[in-house]
Amino acid sequence: MICRISSCLPGVLLGQAANKNVKEHIVSNKKENQNIVDRIWNFFSSVTLAVIVFSLISVTSIVGTIVEQQAEPERNIKLLAKFFGESLAPTAYRIFDTLGFTNMYRSWWFITLLFVFAANLIICSLDRLPKIWKVVKEPIKPLSPELLNSMPLKREIALKGRPDNARSAVEAALKRIGFKANIRSEDGGLQIYAEKGRYSRLGVYVTHFSIILILIGAVVGIFFGFNASLNLLEGTSSPVAYTRNGKEVPLGFDLRCNDFEVSFYENSDTPKSFKSWLTILENGRPVKINGKEVTEIDVNSPLKYKGIMFYQSSYGFSPSKDSLFKISVTPGSGGKKEEIALRFGESFNIPGTNITGKIADFSPALSMDELGRLFTYAQTMNNPAVFIEFTEGGKLKYRQWILKRYPQTWSIPDGTVEFKDLWGAQYTGLQVRRDPGVWIVYLGCIIMAAGLYAAFFMSHARIWITLKEEKGGAKAIIAASTNKNKIAFEQKIEKLAGGLNG
Amino acid sequence: MDSSHFFGISGIAYILAMVAYIAYLAFKNSTVGVIATTITAIGFVSQTIAFIMRGAEFYDLGQMGIMRAIPLTNLYESLVFFVWCLILGYLVIEWKYKNRSFGAFITPIAGMALAFIDISGMDKNIHPLIPALQSNWLLVHVVLSFIAYATFAISFATGIMYLAITTENKKSGAYIFWTVTFGIFAAVLVAMGIDFLAFKIAARSPEAFIKSYLFKATFRNDSGIIAFLSYCGAAAFVFLVWRYGLALKKLIESFSISKDILDDLTYKSIAVGFPIYTLGGLIFGAIWADQAWGKYWSWDPKETWSLITWFVYAFYIHARFLRGWRGNKIAIVAVVGFISTIFTYLGVNLLLSGLHSYGGG
Ligand code: HEM
């Protein structure tokens with residue numbers, strides 16, 4: 001059983017020490033001669049406070065997940081009407097709003113709660129640290145017979161040979177279960193003692209410390225960083241990003257979007273990836289990042305420059321007269337493929353012929369209904385298509401929809417026309433962030449993982465073996481204790497005893 | 001045969017296993033026990049095969065390599081994976097503790113989860129990954145979260161069992177707590193079963209199901225009388241559980257599972273689950289959000305609820321070690337922890353709006 005209270009040594013009994021502390025604490029609160037500092041300290045180191053703060057944060061957070069945060073008042077009024085009825089909903093909303101529940105996680109009282117939580121955690125840990133530190137600093141010592149007797153785990157084994165010979169057998173047996181033996185001779189024999197995982201006792205404190213680190217990282221991020229967004233049309237650049245409230249944040253350089261592209265899974269409108277090709281401009285000149293002027297980003301791989309991160313987060317469609325249709329034309333007569341860019345309404349020539357094509361219509365998302373009529377089903381470039389009229393000598397020859405995603409629509413009687421892109425019509429939606437605290441948060445996370453590992457999966461185990469001469473041989477008395485995972489440790493001790501018997 | 005057949009076999013196996021375990025509890029016949037274990041193991045193997053096959057189907061569809069073919073991308077797949085972890089955890093416990101009685105409490109959770117999938121008409125189609133979900137961090141985040149959820153489910157079962165065998169006084173808070181929790185659990189499931197029978201229409205998505213069908217046959221019926229009667233029925237059901245809860249105590253007691261073993265199992269499950277949840281659920285989730293959206297924490301409902309769940313289990317650990325809480329009090333915290341877990345997992349997707357596209361399908 002992983003039970004700290006029953007399996008610890010007297011004196012370093014963490015659970016009991018903690019419990020005693022609580023009681024002392026209650027008693028000492030009643031003392032009149034405490035100064036104010038002591039009182040504050042006691043208040044913040046109390047576990048009761050922790051329990052209260054845990055509960056308060058949880059309960060208020062629940063309310064915060066029901067009331068929609070930072071939303072239009074109407075939305076929440078509608079929501080509240082379900083709980084309080086139509087007539088009371090506006091009043092209820094006003095009360096919730098005044099109390100800060102509509103933007104709760106940024107309200108003064110929620111942040112205060114988090115600070116109280118942090119103070120509680122720091123002071124509570126500091127309060128107990130000296131005691132633990134003493135235990136952790138002091139290596140295992142040989143013990144008196146009475147103390148050995150009080151150990152939770154005990155075994156007696158008769159050994160052949162004198163204690164001196166038995167000694168190496170014990171050392172070997174200890175080594176086999178991963179313990180390094182220390183030896184001291186005492187009257188009538190030897191005491192061999194060993195321990196493992198002493199520092200794991202600090203795991204709890206490491207865990208608590210990591211939580212503080214993460215909170216510090218978050219605060220650093222809030223005060224010294226920013227969170228903004230930026231929509232950049234293909235071909236344009238911007239020296240600023242915009243915060244939630246529409247405030248401009250200067251970047252210190254220009255960011256240009258060269259191109260944006262969504263690709264879809266075959267025969268569906270589920271996007272497979274969206275990518276932007278970005279360039280950083282300093283004083284109007286492109287900067288090389290990793291040796292390249294153009295950096296490709298997609299959803300899980302952002303661009304970082306001078307501490308500012310650009311994340312691909314969304315996209316949109318906003319065509320203009322200047323948007324360019326990029327097509328490639330291959331004449332059927334076996335000529336070379338030609339890349340062409342042109343505006344809406346402009347014409348091009350199929351090389352080697354006197355046929356001209358003119359872009360007469362465009363749909364960002366072309367589809368067909370049951371009756372075979374064409375319509376546009378979305379205002380993003382889900383299925384872009386151009387309608388091209390081909391004429392020869394001023395007379396219409398044929399006309400055709402050419403769909404970017406469907407190569408079977410590219411062929412025309414006189415060759416192939418591939419619709420590659422409508423450039424300058426899509427914008428990339430970027431999340432722009434500077435967060436100098438994020439590495440502190442990450443560090444905190446790593447430390448927390450280590451701390452939790454030590455707190456839950458490691459234990460401080462100690463073994464003392466006294467060897468005494470007995471008629472014709474020696475007797476080994478094993479005494480042992482662990483602060484956690486007693487069952488596994490007992491099995492180890494069995495193994496140790498078995499190793500000595502054999 | 002494709003993966004869905006194997007999933008079907010495993011679902012049937014778990015429900016049969018539940019029956020067998022209950023029979024085992026009732027008749028104390030060791031042959032029945034062996035049969036129960038065998039059926040569970042067959043279900044588990046079949047589910048493992050199904051999982052691998054679905055991965056292969058995914059691989060063909062997505063064409064993005066093995067790491068992007070692990071079928072853990074929507075609510076359906078994650079529920080199935082949760083059941084898989086739960087059964088694995090249970091088989092380990094059965095083997096280590098040489099005690100089969102827990103099966104009667106774990107297999108119903110597995111059965112319920114799978115029944116929930118069918119009842120809610122959840123979308124079982126394979127959908128290719130949208131860009132935000134194409135991340136290794138997300139993958140480990142999901143895998144570890146569900147392993148943790150499974151350990152929490154075990155602590156829930158042992159916690160309820162603990163309460164069942166230690167409470168006698170029908171007026172005591174602990175007794176009322178466990179019977180009511182248990183009763184509501186069962187009543188909700190029955191109500192969903194009635195929905196299923198009444199409508200039999202597979203809703204497009206869980207959200208659509210919740211909006212148009214959930215509890216429409218009962219609590220939310222258009223006819224006020226039926227709704228009222230449903231509430232009365234549920235209340236009566238909970239009352240019956242309360243009235244005859246002691247029968248369960250007798251049943252468990254007859255099987256020599258001591259309350260210490262139950263308490264220890266509850267703690268151990270949480271002691272394994274809590275660090276995994278912290279790392280996988282919170283930390284990896286935050287790292288993924290950071291990589292994908294540029295924000296490691298945005299207080300969206302899913303994140304907030306996972307934090308609440310984390311606090312409940314942190315509360316469990318501290319109450320146990322610092323305040324010396326034992327017995328009923330601490331078992332109640334464990335049960336509350338799992339209720340919070342369910343809400344984090346399902347309630348947020350189904351009931352609350354959120355940014356999380358994950359789990360929506
Ligand atoms: C949610 C945040 C917290 C987490 C994740 C956390 C984590 C932990 C863990 C893992 C343990 C070790 C339990 C074990 O040995 O099995 C522990 C022990 C402890 N925690 Fe926390 N803790 C948190 C908040 C707090 C707060 C706010 C306090 C302040 C009162 C506190 C005080 C303690 C104390 C005094 C111990 C026992 C230390 C010992 O055994 O020497 N913890 N905590």
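By convention in this document, chain letters (A, B, ...) are assigned in the order of the sequence lines, proteins followed by strands, and residues within each chain are numbered from 1.
Only the side chain of B:Trp310 has a heavy atom closer than 4.5 Å to any heavy atom of chain A. With a 4.5 Å cut-off on non-hydrogen atoms, A:Val441 touches chain B through its side chain but not through its backbone. For a residue to count as touching a neighbouring chain, one of its non-hydrogen atoms must lie under 4.5 Å from one of that chain's; by this rule A:Tyr442 touches chain B with the side chain only. Contacts between A:Met104 and chain B at a heavy-atom distance below 4.5 Å are absent for every atom of the residue. With a 4.5 Å cut-off on non-hydrogen atoms, B:Ala314 touches chain A through its backbone and its side chain both. Using a 4.5 Å cut-off between heavy atoms, A:Phe457 contacts chain B through its side chain alone, with no backbone atom that close. Heavy-atom distances place both the backbone and the side chain of A:Ala218 under 4.5 Å from chain B. Neither the backbone nor the side chain of A:Ile214 comes within contact range of chain B; no heavy atom of the residue lies under 4.5 Å from a heavy atom of that chain.
Among B:Thr278, B:Asp290, B:Leu307, B:Ile317, the residue making the largest number of heavy-atom pairs under 4.5 Å with chain A is B:Asp290. When the candidates A:Asn227, A:Val59, A:Asp298, A:Thr207 are compared by the number of heavy-atom contacts under 4.5 Å with chain B, A:Asn227 comes out ahead.
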B:Phe152 vs B:Tyr277, test: ring pair (Phe, Tyr, Trp, His ring centres under 6.0 Å). Steps then yes/no. CA-CA 10 Å; B:Phe152 294 158; B:Tyr277 184 60; 5.6 Å; yes

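If you check the side chains of A:Ser61 and B:Thr304, you find no donor sitting under 3.5 Å from an acceptor.
B:Asp264 and B:Lys259 are not joined by a salt bridge, as no carboxylate oxygen comes within less than 4.0 angstrom of a charged side-chain nitrogen.
Rounding to the nearest 0.5 Å gives a distance of 13.5 Å between CZ of B:Arg320 and NE2 of B:His318. Atom-to-atom distance recorded for A:Glu490:CD and A:Thr482:OG1 is 10.0 Å, nearest 0.5 angstrom.
Using cut-offs of 30° and 60° on the angle between ring planes, the pair A:Phe117 and B:Phe311 is perpendicular. By the 30° and 60° cut-offs, the orientation of the rings of B:Trp299 relative to A:Phe110 is perpendicular.
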